[in-house]
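The structure appears below as structure tokens.
In this chain, residues are counted from 1 in sequence order.
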Amino acid sequence: QVQLVESGGGLVQAGGSLRLSCAASGRTFSTYFMGWFRQAPGKEREFVAALRWSTTSTYYADSVKGRFTISRDNAKNTVYLQMNSLKPEDTANYYCAAQSRYYSPYERYDYWGQGTQVTVSS
């Protein structure tokens, strides 16, 4: 089992920045990918970014490429999502996820956090 706790969401003006954190505990040594997803009201959950734990390779949705950066702190078992140049369309509940059996950075995650709300005002 892996437990994930997100933090760092909030209200920000368009063009601003936020950094989300995801603290992982439990069987984190078995993690292949750590990812961030988001879900806006009335929309399906969508992939945002992912990081392969063993190689630190990163993957991004086209909509956030060049604006968002995913990174990790091994010592703290924490993954971050630095979000710059935020737009109103980035408004959503952001979820951290972990994949314990190798499949894909874009889907089929096993563990999920509770989510943190990001609201970008125009």
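Closest approach of Pro88 to Ala14, counting heavy atoms only: CD-CB, 4.1 Å. Of all heavy-atom pairs spanning Leu11 and Ser121, the tightest one is CD1-CB, 4.3 Å. Annotation for Asn84 and Ser17: closest pair OD1-OG, 2.9 Å, computed over non-hydrogen atoms.
Relative ring orientation between Tyr102 and Phe33 is described as tilted, the plane-to-plane angle lying within the 30° to 60° band.
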task: Could you give me the CA-CA distance, side-chain angles and deciding distance for Trp36 and Val79, then say whether side-chain contact (heavy atoms from CB on, under 4.5 Å) is met?
output: CA-CA 9 Å; Trp36 286 96; Val79 173; 3.7 Å; yes
message: Determine whether Asp110 and Val2 satisfy the following criterion, side-chain contact (heavy atoms from CB on, under 4.5 Å), listing intermediate values before the conclusion.
response: CA-CA 9 Å; Asp110 306 294; Val2 176; over 6 Å; no
message: Applying side-chain contact (heavy atoms from CB on, under 4.5 Å) to Gln82 and Ser71, what does each step give before you reach the verdict?
response: CA-CA 8 Å; Gln82 178 66 43; Ser71 63; over 6 Å; no
query: Val118 and Asp90: side-chain contact (heavy atoms from CB on, under 4.5 Å), yes or no, with the steps?
result: CA-CA 8 Å; Val118 172; Asp90 294 318; 5.5 Å; no
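A distance of 8.5 Å separates OH in Tyr111 from OG1 in Thr31, rounded to the nearest 0.5 Å. Separating the OH atom in Tyr60 from the CD1 atom in Ile70 is a distance of 6.5 Å, to the nearest 0.5 Å. Atom CG of Leu51 sits about 8.5 Å away from atom CE of Met34, to the nearest 0.5 Å.
In this structure, Val12 is a member of the same hydrophobic cluster as Met83, with clusters built from ILVMFWY side-chain heavy atoms closer than 4.5 Å. Clustering ILVMFWY residues whenever any of their side-chain heavy atoms sit less than 4.5 angstrom apart, transitively, puts Val64 in the very cluster that holds Leu18. Transitive grouping of hydrophobic side chains (ILVMFWY, heavy atoms separated by less than 4.5 Å) keeps Tyr80 and Tyr59 in distinct clusters. Under a hydrophobic clustering in which Ile, Leu, Val, Met, Phe, Trp and Tyr are joined whenever their side-chain heavy atoms come within less than 4.5 Å, directly or via other members, Tyr32 and Tyr106 fall into the same cluster.
A distance below 6.0 Å separates the ring centres of Tyr109 and Phe37.
Remark: the Asp73 side chain and the Thr78 side chain contain no N/O donor-acceptor pair separated by less than 3.5 Å. Judged purely by distance below 3.5 Å, without hydrogens or angles, the side chains of Arg38 and Tyr94 pair a donor atom with an acceptor atom.
Between Thr91 and Gln117 the shortest side-chain heavy-atom distance falls below 4.5 Å. Contact check for Lys87 versus Val120: no side-chain heavy atoms found under the 4.5 Å cut-off. Looking only at side-chain heavy atoms (C-beta outward), Phe68 and Leu86 come within less than 4.5 Å of each other. For the pair Leu81/Val48, a side-chain contact is recorded, criterion being any heavy-atom separation below 4.5 Å from C-beta on.
Under a 3.5 Å cut-off, the side chain of Glu6 and the backbone N or O of Cys22 do not form any donor-acceptor pair. Checked by atom type and distance alone, the side chain of Asn77 never pairs as donor or acceptor with a backbone atom of Ser25 at under 3.5 Å. At distances below 3.5 Å, at least one donor-acceptor pair connects side-chain atoms of Gln99 with backbone N or O atoms of Arg108.
Around the CD atom of Gln114, the shell of radius 6.0 Å holds more than 12 heavy atoms that belong to other residues, nucleotides or ligands.
Between Asp62 and Lys65, at least one side-chain nitrogen of the basic residue sits less than 4.0 Å from a carboxylate oxygen of the acidic one, meeting the salt-bridge criterion.
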